Amino acid sequence: MKTITINGTARTATGKKAAREIRKSGAVPCNLYGEKRDEKGLPVAVSFTATNEELRKLIYSPDIYTVLLNIDGKECKAVLRETQFHPVKDNLLHADFYEITDEKPIVMEVPIKLTGLAEGVRAGGKLAASVRKLKVRAAHTAIPERLEIDVTSLGLGKTIKVGELSFEGLELVTSPSVVVCQVKMTRGAMAAAAQAEK
């Protein structure tokens with residue numbers, strides 16, 4: 001997994017009014033969650049701000065990253081956990097990060113990459129991916145940038161489900177019944193199949 005550095009500034013003012021002021025200044029309110037818990041056992045968040053420019057390179061990227069967060073000179077490793085966007089303007093309103101260690105497993109969405117030429121495509125079908133990412137659980141050091149799935153033996157009208165996949169060192173968290181990809185029948189393939197049956 002690639003690493004990206006994001007610089008932040010600690011903030012003490014929280015709440016909607018403070019968040020509005022932060023956004024007006026071109027920054028985004030963020031939280032970092034980690035191992036710390038309060039007396040009720042709830043996670044304690046470190047509140048900070050980062051500029052839109054800093055966050056854009058992380059959020060508008062097809063890649064997944066380990067984030068080296070630098071908040072007022074204090075560094076820690078984290079992953080982006082959640083983002084909130086404006087429903088109309090689509091600008092970033094808030095970002096949550098989760099602190100990670102090299103040993104503790106985390107859950108992340110990893111992009112898939114279909115490799116090979118499917119048998120069903122050679123027979124005139126069309127390959128269609130049903131999902132773009134799969135959730136995996138592993139130490140962040142074991143998480144790859146892509147999950148490569150070989151579709152060479154996938155025939156016409158056939159599917160690959162999550163339950164049929166396995167990757168070394170990774171636990172798949174996405175439901176086993178989720179369809180990852182399929183070779184759809186096209187009119188041409190149907191006609192060829194009908195012709196072959198005659």
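Because only heavy atoms are used, hydrogens play no part in the values below, and waters and symmetry mates are left out as well, while side chains stay in. Everything quoted here is computed from the prediction, not taken from an experiment.
- Atom CD1 of Ile4 and atom CG of Leu68 lie 10.5 Å apart (nearest 0.5 Å).
- We find the CZ-CG distance between Phe85 and Asn91 to be 9.0 Å, quoted to the nearest 0.5 Å.
- Listed here is the closest heavy atom pair of Gly34 and Tyr98: O-CE1, 4.5 Å.
- Between Leu154 and Leu127, the closest side-chain pair of non-hydrogen atoms falls below 4.5 Å.
- Panel note: side chain Glu54, backbone Asn7; a donor-acceptor pair is recorded below 3.5 Å.
- Within the model, atoms CD of Gln182 and NZ of Lys161 stand 10.5 Å from one another, a figure rounded to the nearest 0.5 Å.
- Heavy-atom minimum distance, Ala129 versus Leu114: CB-CD1, 4.1 Å.
- Surrounding CD of Glu75 are more than 12 heavy atoms belonging to other residues, nucleotides or ligands, all under 6.0 Å away.
- Asp72 places a side-chain N or O within donor-acceptor distance of the main-chain N or O of Ala10, the cut-off being under 3.5 Å.
- Of the possible donor and acceptor atoms, one in the side chain of His94 sits under 3.5 Å from a partner among the backbone N and O of Pro29.
- Using a 4.0 Å cut-off between charged nitrogen and carboxylate oxygen, Asp63 and Lys2 count as a salt-bridge pair.
- Rounding to the nearest 0.5 Å gives a distance of 14.0 Å between CZ of Arg137 and CE of Met108.
- Follow the hydrophobic side-chain contacts under 4.5 Å out from Leu117 and you reach Val183 in the same cluster.
- The environment of Lys57 atom NZ is dense: over 12 non-hydrogen atoms of other residues, nucleotides or ligands sit within 6.0 angstrom.
- A 4.5 Å side-chain heavy-atom check between Cys76 and Leu32 finds at least one atom pair inside the cut-off.
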Note to self: Evaluate Asn52 against Leu92 for side-chain contact (heavy atoms from CB on, under 4.5 Å), listing each step before the verdict.
What the structure shows: CA-CA 8 Å; Asn52 271 300; Leu92 183 63; 4.3 Å; yes

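- Using a 4.5 Å cut-off on side-chain heavy atoms (C-beta onward), Leu165 and Ile160 make contact.
- Here CD1 of Ile6 is found 8.0 Å from SG of Cys30. Values are rounded to the nearest 0.5 Å.
- Under the 4.5 Å side-chain heavy-atom criterion for ILVMFWY residues, a single connected hydrophobic cluster contains both Ile59 and Val28.
- Within the cation-pi definition used here (under 6.0 Å to the ring centroid, within 45° of the axis), Arg11 does not qualify as a partner of Phe48.
- With salt bridges taken as basic N to acidic carboxylate O contacts below 4.0 Å, none links Arg122 and Glu119.
- Counting only heavy atoms from C-beta outward, the side chains of Phe167 and Leu147 approach each other to under 4.5 Å.
- No side-chain heavy atom of Val67 sits less than 4.5 Å from a side-chain heavy atom of Val79.
- Between Asn31 and Phe97, every side-chain heavy-atom pair lies at or beyond the 4.5 Å cut-off.
- In terms of heavy atoms, Ala27 sits closest to Thr49 at CB-CB, 4.3 Å.
- Here the closest non-hydrogen pair linking Ala142 and Gly169 is CB-O, 4.4 Å.
- In this structure the side chain of Ile64 reaches within 4.5 angstrom of the side chain of Pro111, judged on heavy atoms.
- In terms of heavy-atom proximity, Ala78 sits nearest to Leu69 at CB-CD1, 4.1 Å.
- Between Val179 and Ser130 the shortest heavy-atom distance is O-CB, 3.1 Å.
- Each of Val136, Leu134, Leu170, Thr174 was scored for a side chain to side chain contact (heavy atoms under 4.5 Å, CB included) with Val110, with one residue passing: Val136.
- Separating the CD1 atom in Ile22 from the OG1 atom in Thr51 is a distance of 13.0 Å, to the nearest 0.5 Å.
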Item to check | side-chain contact (heavy atoms from CB on, under 4.5 Å) assessment of Tyr65 paired with Leu80 | outcome: CA-CA 8 Å; Tyr65 289 97; Leu80 182 66; over 6 Å; no

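- Ile106 places a side-chain heavy atom less than 4.5 Å from the side chain of His140.
- Ile71 and Ile100 fall into different hydrophobic clusters, where Ile, Leu, Val, Met, Phe, Trp and Tyr side chains are chained together by heavy-atom contacts under 4.5 Å.
- Listed for the Arg23 side chain is a donor-acceptor partner under 3.5 Å among the backbone atoms of Leu93.
- If you run side-chain hydrogen bond (donor to acceptor under 3.5 Å, both in side chains) between Lys77 and each of Asp102, Thr3, Thr66, only Asp102 comes through.
- Judged by distance alone, with hydrogens and angles left aside, the side-chain atoms of Ser61 form no donor-acceptor pair with the main-chain N or O of Leu58 at under 3.5 Å.
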